[in-house]
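Structure first, commentary second.
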There are 6 protein chains.
Amino acid sequence: MNSESFNNVPPFNNNNAIFMASKRTIKNCKVGLLGVPYDGTSCFRPGSRFGPSAIRESSNGIETYCPQLDLDLEDIDFTDLGSLDIPLGNTISTIRCIKNSTLKLLKHNLKPLIMGGEHSITTGVIEAMVQDYPNLIMLQLDAHADLREEWSGNKYSHACTMKRCLELLPSQKILQVAIRSGTKSEFKEMNKNKRLIPHTSGESAIHLKKALQQFLGTPIYLTFDLDWFDPSILPGTGTPEPGGFLWRDFAAIIDVIKEHNLVGADVVELSPVFDTSGISTILAAKVIRSLIMLLNK
Amino acid sequence: MNSESFNNVPPFNNNNAIFMASKRTIKNCKVGLLGVPYDGTSCFRPGSRFGPSAIRESSNGIETYCPQLDLDLEDIDFTDLGSLDIPLGNTISTIRCIKNSTLKLLKHNLKPLIMGGEHSITTGVIEAMVQDYPNLIMLQLDAHADLREEWSGNKYSHACTMKRCLELLPSQKILQVAIRSGTKSEFKEMNKNKRLIPHTSGESAIHLKKALQQFLGTPIYLTFDLDWFDPSILPGTGTPEPGGFLWRDFAAIIDVIKEHNLVGADVVELSPVFDTSGISTILAAKVIRSLIMLLNK
Amino acid sequence: MNSESFNNVPPFNNNNAIFMASKRTIKNCKVGLLGVPYDGTSCFRPGSRFGPSAIRESSNGIETYCPQLDLDLEDIDFTDLGSLDIPLGNTISTIRCIKNSTLKLLKHNLKPLIMGGEHSITTGVIEAMVQDYPNLIMLQLDAHADLREEWSGNKYSHACTMKRCLELLPSQKILQVAIRSGTKSEFKEMNKNKRLIPHTSGESAIHLKKALQQFLGTPIYLTFDLDWFDPSILPGTGTPEPGGFLWRDFAAIIDVIKEHNLVGADVVELSPVFDTSGISTILAAKVIRSLIMLLNK
Amino acid sequence: MNSESFNNVPPFNNNNAIFMASKRTIKNCKVGLLGVPYDGTSCFRPGSRFGPSAIRESSNGIETYCPQLDLDLEDIDFTDLGSLDIPLGNTISTIRCIKNSTLKLLKHNLKPLIMGGEHSITTGVIEAMVQDYPNLIMLQLDAHADLREEWSGNKYSHACTMKRCLELLPSQKILQVAIRSGTKSEFKEMNKNKRLIPHTSGESAIHLKKALQQFLGTPIYLTFDLDWFDPSILPGTGTPEPGGFLWRDFAAIIDVIKEHNLVGADVVELSPVFDTSGISTILAAKVIRSLIMLLNK
Amino acid sequence: MNSESFNNVPPFNNNNAIFMASKRTIKNCKVGLLGVPYDGTSCFRPGSRFGPSAIRESSNGIETYCPQLDLDLEDIDFTDLGSLDIPLGNTISTIRCIKNSTLKLLKHNLKPLIMGGEHSITTGVIEAMVQDYPNLIMLQLDAHADLREEWSGNKYSHACTMKRCLELLPSQKILQVAIRSGTKSEFKEMNKNKRLIPHTSGESAIHLKKALQQFLGTPIYLTFDLDWFDPSILPGTGTPEPGGFLWRDFAAIIDVIKEHNLVGADVVELSPVFDTSGISTILAAKVIRSLIMLLNK
Amino acid sequence: MNSESFNNVPPFNNNNAIFMASKRTIKNCKVGLLGVPYDGTSCFRPGSRFGPSAIRESSNGIETYCPQLDLDLEDIDFTDLGSLDIPLGNTISTIRCIKNSTLKLLKHNLKPLIMGGEHSITTGVIEAMVQDYPNLIMLQLDAHADLREEWSGNKYSHACTMKRCLELLPSQKILQVAIRSGTKSEFKEMNKNKRLIPHTSGESAIHLKKALQQFLGTPIYLTFDLDWFDPSILPGTGTPEPGGFLWRDFAAIIDVIKEHNLVGADVVELSPVFDTSGISTILAAKVIRSLIMLLNK
């Protein structure tokens, strides 16, 4: 709602449509939450397009206080900027639009926290991030490798995101945490180039901690495809993959990341359509709450 | 989002969170759409609280053009003002807040179109409307009479709405269209005071037309409890009642109302939680589209 | 709960588990409501087994007053007797158990109103009814003819119910109202023996009225397979058949039956498992409410 | 399954995976049923892709006999050919593949009956049909006009299907039956060129009959977007539009078409994902049953 | 069903409506199961009101034998007393009614096992328990602290239950097991007063064992808000909180409690409406089975 | 589709209706996948009857490559033979039909991998297997013991499967892995005869390894009732039992079995009707993928 409009019409704040405890101004804010309701399909109902608004609504179902980090969202200067109007149909112009929006966030000193939408949107964010952070480290939580050169003739498909990021960042600056699904050649390539953080014995956080030790202070970007979680706690996603991770595994990763310099993140692939009981959306909201706190430094 | 904030951060318009084709300013607008996500319960998930945001999202699934009225929302000056922050728990202060918000809309020359939430919210709107329109006529589309003196000890329950309105308006200024459920005494009272428009032979629109003839030009307010529709086309509501009406019945009522001076309306009792296939929410969006057009005079 | 138990432990009445407004005694009661949660399957979840308890719960969502009949359940002496313990697995002993229970109801001067369960249960009820009412007329509302000699080797399958009843009653005493699905030979046989009340122009009530004229005063039994209704208003059934009837069609049939001597009825094939929005169960409760009133003479 | 394989391994017939009563050979068959599970999206779960297999399974829930047409599928020579392997991602090559498959059906003297998938697939079928039937008449049952020049940059989107068909057939050979949703310019163009069969008073079948009178004997193709039905009886579709048609309306259209020379048809836009109670899929199966009978001449 | 009624009308036992294996008399029974279908809302469908009847039905899906405790419900003298008729709308009179019913159970030497309903009902039970057991110890399994002074102006909201209990019992007699959500001040207060049993390393049972050691033989009451479980195994609750506990964690707690003197318990906040697959309700039934066995001493 | 039919009608391969990457011939194949859509019920919708087709469709949502086994389905010679036409209604003739089909698979040197359907089907498979493998070892993954002599008067109920197998195989050749539900006498008998592999500390794979050590090289058959999994990851089954196993537990069992001589397997009791989010079916597809690889030796 632009400035010439509602100065005299308080207080239509529409709390339901923004993430709980968001400030209503960007002034002093360090973190900017932005929705990218893109799922690349032509019909209007299915998919992750409805992720951002669902997460905003469900955020009212959890507390603002996080016992693990002993922080309260009410005490944090972040702002929910709403969601992008996506130029439907053309993935390339979508990516460009996401890139430009991210650049604007950075110009306002807002660390970007992007809510998808599909994983394909990450490419646009990273294109912007590497301009401001030339030595950026990228962390991927995901069930799938996403390293295909192209999928169904589209280089910007969500199955190709990490392949695209490999064109923007050197291989050794990307860590793929506990990927559990992919083609034979995707696994071969990840292993050959030592980008795959293993998950033997449920201890991927420990492996990650070790792998990140050399990057203390270096700017880190996290891309979080929510299907990294087990389908039991996150059924609401497009391609659930059995054998995933629980909340305590993510809590362990929070403990690792909080020692580092997180400068941006995205959370993608929530599909409320398949979240018949609503628990996936609430989980996503709790992930967002954690990341706002981790980005607020 | 207030004025000192996002002047420099275009274009985060968040189309998904407002009704399709809404103007981004109140300037020149004649209709103001406002959500009142109130369902009077303490737990966060069930109920009509999620109505307004669900309707906004689903509005993108229908066209802006209405063949029946031969009008296009794109050509109409209306604005979606978002949703109220409701002071939870106290029905009386909720009613007061709704009244004050409606008064503000009226002061800005915006005809109020309110999206509930429960039917209880109507009382607040009418309290404001009668101040501006002393000779207001009230039209009720509903499955239930809502004439109880109190319900569970609460005078402002959604089962008492029309009883409260009878304290604000004389009985002969209220028309209850084709009510099909109620207590014996509710039906007795409605019939005695000739407020009940019958629905013999599916012809309630004809009866309504006749009943409204004497009120040509008089300001009319419509309260539309969506359970007036048949459960087959609107399953997503709290108390579905078999034997309701189809779209063509409402289309006939549109044809009646368009000859009159509609000055305000509310659309209540959509419960997305029970709308497992999404058709109720789309229907509600189409109702809202029609009412915006009918209010735009 | 038997008599030696809870005399001193009032008031644990468990309203939720009985049909609304039921008396707590059979004294003076004319109608006995009895659940038969039988669906002939060995696994515990799917099917119509859950019909009776679902209907009882949903009965609290509608009013006790019926505007069409201008009667109130509160003024009617009927009692909800709970549900039978069915000896699982053996259809024949199930039928016998149903027969015996119906006989007990008759001995207490309770007109039986049976809630299924599958349609197969009707055979047991009719076996009892014909003992007390040798000149019984039987009325079937159903989507399907149910005239197979046997189905999957079982003569008492729900696909054979009317064939079994034809062994208990002469063909001319059975009226099959507006059946719309069956085999070629089922239709041939129904038509040849003039048992099929047609539904041209949605006027099956008129045809039924004519067909029943000769039976004024004769005891009538109604078996109501809920899939007679259109799937849009009753999705929650095992074999939904497009092209069914709406509430107003049943309302017209109520007007026909109320002139006659209804002495018993059953309502079968509600499957709450497929009733994702709950509207089927509420519709079934409203049907039961109507039938209690029609039986109360 | 090709010929060198299972000659010696009877009887693995997999009835569940083909439409009920389908012949196992094309010999003597007049109608060929073919699935085109295309929904143009990259993620695997949502959408109409699952339409054909869902319809096949649900076909077992209805009878093979049709009382309206007094025909039995068991007596009809038709064959279910399975579903196409669609080259994902490229709409143009998909259209070409559909065209080629349709040509093969025609070469085998099989009248094509195509199960979608999205409406976009129709373009490919029509491209083939006009080769064999130069004076083809096309009938569209649909909620939407589908006359956009392009949608999201894609000329072959399901929102453009009829626009594409207008490039293959002259405007006066296309009849659009009771379209109820579209843009202002779509309605203007349809009306100007007199292609829109109106639905005043629920009498579109009568209007259609009149409009088709001049085409007795001329080959007719029917494209049936299932969202023509009312959302109450067909909730399981991508863009449900309130105010649609019931089964009896389609039954009336069957009575019209059976006097004509139907040479091909498609049934599209069933989305089992949103068919929470299963009634949409059963309805689609009943439509397919009717069309097999109408094509079998 | 009271005593003057059905002596002559056996055997309408209605097994489906009571917990499996319940005795039909209170004679010799040590445990009394009572439903309190209260969720404090005015509309009839959503919420935990449907918990007790859903649990009773689902109890038939599990065995009566418990391998962990090597006990069989068939050998245990407990009785399911049905559910209370709650005076809707007034929380205070509800609490009083629950208190009085609990007192009656105690007078009949029945250890109370209460099925909610909301957590707010616990206050009434405790008010009765402390009269009979002045040195009662209270154990809370819950995701949330429930220590708010009031919520939405209601002191008896389910968000305030433990705060109310702190007015009935001294702080050191209440143990809050592995609470994982709350406000900053709630956590501060719990920690300051050492009531919070931590859940480091999934070992809350060990911590609990230690904390309970001093109370061997002392009467213990357990209040079990089912959202203590992880949303993956119990999605059907009003406010699911990620990061909860699995069945094996509760099994470990059973092993702790069985060494102690459990004298009463409640199980609350099951919301069947959100239990789309039914697993939450079955889990609740298994919890009830365990607690009946633990109470039977 | 038999051989005289579609030689000239390529390429109607119907990939959607077979398991991903299946060969189209039995030539050179070592594994034969066969569906047995039997659930023993007379009505058409509920139950495990829909398991095989659902698994086939969902198989397209996972990769063909398995990182754990480092194998790719594309490199494996297996064939999906479709599903049996089951003679409905008579369990005994069903068992016989399954036996005969299994014998045919064995004759073609195809190791049988059977997709249920109910657990009752296993008896038929084992009857065939013991003919070819007289010293067969049988492994059961299951929540329930399935050792009842009969259930509801049916000796071939799914509650009696293992009892029937005990009549075909000596007790010491059957291993029941981590059964967690049953009657007192079932547990007694299993323990007495040492067939129960315990699951203390989540280490059933270690116990299984030990128990299988003596059978290195001996032909092993695995019957996998999917309710062995925890309801959180497999809600879509008829009788979910809390306290089950996660994917990593099955992965550990894969590591045990891969050292052995697996010669056949079945996967039963998936009920897509209750799989509201689809995760159960995907899990079942992943299990099938693993077993194809384990059988391919």
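By convention in this document, chain letters (A, B, ...) are assigned in the order of the sequence lines, proteins followed by strands, and residues within each chain are numbered from 1. Computed from a predicted structure; not experimentally measured.
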What residue among B:Ser232, B:Pro231, B:Pro235, B:Ser277 forms side-chain contact (heavy atoms from CB on, under 4.5 Å) with C:Ser277?
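Going through B:Ser232, B:Pro231, B:Pro235, B:Ser277 one by one, the side-chain contact (heavy atoms from CB on, under 4.5 Å) with C:Ser277 is satisfied by B:Pro235 alone.
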
Among C:Ile233, C:Leu283, C:Leu246, C:Val287, which one satisfies side-chain contact (heavy atoms from CB on, under 4.5 Å) with B:Pro242?
C:Leu283

4.5 Å side-chain heavy-atom contact, C:Lys286 and B:Glu241:
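They are in contact (side-chain heavy atoms under 4.5 Å apart), so the answer is yes.
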
Can you establish whether the number of heavy atoms outside C:Lys258 located under 6.0 Å from its atom NZ is more than 12?
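Result for NZ/C:Lys258: enclosed.
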
Please check if the number of heavy atoms outside B:Lys209 that lie under 6.0 Å from its NZ is greater than 12.
no

Contacting moiety of B:Thr276, where chain C heavy atoms sit under 4.5 Å
side chain

Chain C heavy atoms under 4.5 Å from B:Asp230: which part of the residue, side chain, backbone, both or neither?
side chain

Residues of residues 187-195 of chain B near chain C, each having a heavy atom less than 4.5 Å away
B:Phe187

Between the side chains of B:Lys184 and C:Glu63, is the shortest nitrogen-to-carboxylate-oxygen separation below 4.0 Å, so that they form an ion pair?
no

For chain C, the option from B:Gly182, B:Ser181, B:Gly243 that forms the most heavy-atom pairs under 4.5 Å:
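With the most close heavy-atom pairs to chain C, the winner is B:Gly182.
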
Using the side-chain contact (heavy atoms from CB on, under 4.5 Å) criterion, which residues pair with B:Ser120? Sequence neighbours excluded.
B:Tyr38, B:Glu118, B:His158

Checking C:Asp75 against chain B: side chain, backbone, both or neither under 4.5 Å from a heavy atom?
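For C:Asp75, side-chain heavy atoms alone lie under 4.5 Å from chain B.
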
